[in-house]
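Report on the structure given below.
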Amino acid sequence: MKIQMKTPLVEMDGDEMTRVLWQWIKEILICPHVDLKTEYYDLGLVNRDKTLDKVTIESAEATKKYGVAVKCATITPNAQRVEEYNLKQMWKSPNGTIRRILDGTVFRAPIIAEGITPYVHGWKKPIVLARHAYGDIYSSVEDKVKKGEKAYIVICDKDGKEVRRQLIQSFDDDGIVQGVHNLDGSIKSFAQSCFNYALENNLSVWFGAKDTISKVYDHRFKDIFNEVYSADYEEKFKAKGLYFMYTLIDDVVARVMRSEGGMLWVCKNYDGDVMSDMVATAYGSLGMMTSVLVSPDGKYEYEAAHGTVTRHYYRHMSGESTSTNSVATIFAWTGALKKRGELDGISDLCEFADRLERATITTIEEGYMTGDLIPLFHREGITPVKLDSKQFLLKIAEKL
Ligand code: NAP
Ligand code: MG
């Protein structure tokens, strides 16, 4: 008998090659074992355009209602996509929209398999990276300044009356200026999301910023993290043998390189943008990187960290076979099923998700994988075999 579910998962379908994999994963790996219950939202670009992007907002609202979502990669349209899909508008990034509605933090974690060696040889355990997704340069105001002009920070009260003013620079040459901001509330919910995730996943937390240079701005991040930690988390961390460490961002970078991994690395917005790509690359393939958006009130949206793998899709559409890595998308499903099982008290569902993860990893460890992993795979006595997208899923199903 198939495993029964209680609450539906919010299912967000997507675009291109990952949309193809999405159907196959359900058909080949999940539906034979689970009586899958989902509330389906088609976030494919065609339907986003048709619904004037309302479907994205509805899917995020549904995530707030049910608590757990699984999302396929989606196209963020640019000018070329507007033409390709004859779009009514250059719709915003669905991930951005969902993140704004859930006010969440994104955690990215590599999937580790024996034989796929990270470029940094010391890294034995996953380094999970949390990126603050609000403010700083991502909502900055910038301007070019002419020689002889002056730039100030001016603070006004709620009626617009000036209360403080600081000179940024009196320009004796042409130059540039930038104004950035953040909010205590956003930093605080970021800290809470990070500490909750770390407790749930048994990870210590490393956070670095540049408070020695940025004595007010970055220092505020440091203070809020310390306050939140000592007020609500220190005891719980200690009870589990975990810790929180704040140090300078440069020091964190050095320590991460020397470490064996296995921590949650918390980054400010820009640091997270840059470092997540570095960490992902160092662990091997984008196809092995999962991502989960966690809101401060405990709503979860699981996805792969990579995009829609466009080049593979065009090849697929022209009838060629592709060897696209589905691991991160499989893990998005298992993450969501496991969380749903936990919340609804269905241990069979959690066990199934674990089994599917193990079957996936074992398939790779025994030498069966997609093309992206072949050059990375080194294991005594095993010559890796390259499978196409569907063969790989069928091989996992055999194991399962
Ligand atoms: P991408 O889809 O991640 O692909 C970049 C390249 O990385 C691919 O061409 C492929 O290299 C390799 N790759 C990524 N995932 C792979 C996988 N699972 N298996 C094998 N190879 C993989 O990023 P992109 O080309 O920059 O973006 C394509 C579309 O995805 C864009 O429309 C973008 O807006 C969207 N996107 C969506 C999300 C999201 O929904 N979260 C995230 C990023 C991008 P080779 O072609 O060399 O094999
Ligand atoms: Mg980046």
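Hydrogens, waters and symmetry mates are skipped; everything else that's a heavy atom, side chains included, is used. Order of appearance sets the numbers: ligands from 1, and atoms from 1 within every ligand.
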Could you tell me if any non-hydrogen atom of E16 lies under 4.0 Å from any atom of ligand 1? no

Just to check, does H312 reach to within less than 4.0 Å of ligand 1 when the distance is taken from its heavy atoms? yes

Could you go through E27 and Q23, starting from their C-alpha distance and side-chain angles, then the distance that decides it, and tell me whether this counts as side chain to side chain donor-acceptor pair (under 3.5 Å)? CA-CA 6 Å; E27 265 169 47; Q23 284 310 319; over 6 Å; no

Part of D15 with heavy atoms under 4.0 Å of ligand 1, whether side chain, backbone, both or neither: neither

Checking contacts here: is it the side chain or the backbone of R311 that comes within 4.0 Å of ligand 1, counting heavy atoms only? Could be both or neither. side chain

State the atoms of ligand 1, each with its element, that fall below the 4.0 Å cut-off from a heavy-atom position in [X].
| X | value |
| --- | --- |
| T310 | 28 (C), 29 (C) |
| A73 | 40 (O) |
| E303 | 41 (N) |
| K71 | 40 (O) |
| T76 | 32 (O), 34 (O) |

Is the [X] to [Y] ring centre distance short of 6.0 Å?
| X | Y | result |
| --- | --- | --- |
| Y246 | Y229 | no |
| Y134 | H181 | yes |
| F195 | F244 | yes |
| W123 | Y283 | yes |
| Y302 | F331 | no |
| F190 | F221 | no |

Nearest to [atom], what protein heavy atom do you find, and at what distance?
| atom | value |
| --- | --- |
| atom 32 (O) of ligand 1 | R81 NH2, 3.1 Å |
| atom 14 (C) of ligand 1 | H306 CB, 4.0 Å |
| atom 19 (N) of ligand 1 | N325 N, 2.9 Å |
| atom 5 (C) of ligand 1 | L286 CD1, 4.9 Å |
| atom 36 (N) of ligand 1 | G307 CA, 3.4 Å |

CD1/I137: more than 12 non-hydrogen atoms of other groups inside 6.0 Å: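 For I137, atom CD1 is crowded (more than 12 foreign heavy atoms under 6.0 Å).
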
Quick check on K188: does its NZ atom have over 12 non-hydrogen neighbours (other residues, nucleotides or ligands) under 6.0 Å away? no

Any side-chain heavy atom of P94 sitting closer than 4.5 Å to one from T76?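 They are in contact (side-chain heavy atoms under 4.5 Å apart), so the answer is yes.
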
K399 pairs by salt bridge (charged side-chain N to carboxylate O under 4.0 Å, His left out) with which of E357, E366, E365?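 So, applying the salt bridge (charged side-chain N to carboxylate O under 4.0 Å, His left out) to K399 and each of E357, E366, E365, only E366 qualifies.
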
Look at [atom] and say whether a protein heavy atom is found at less than 4.0 angstrom from it.
| atom | answer |
| --- | --- |
| atom 48 (O) of ligand 1 | yes |
| atom 27 (O) of ligand 1 | no |
| atom 12 (C) of ligand 1 | no |

Hey, is ligand 1 close enough to T308 that some N/O pair sits below 3.5 Å? yes

Please indicate whether any nitrogen or oxygen in T74 is less than 3.5 Å from any nitrogen or oxygen in ligand 1. yes

Heavy-atom nearest option to atom 8 (C) of ligand 1, drawn from T324, V309, L373: V309

Mind checking the CG-CG spacing from N269 to D136? Nearest 0.5 Å is all I need.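 Separation between the atoms: 5.5 Å.
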
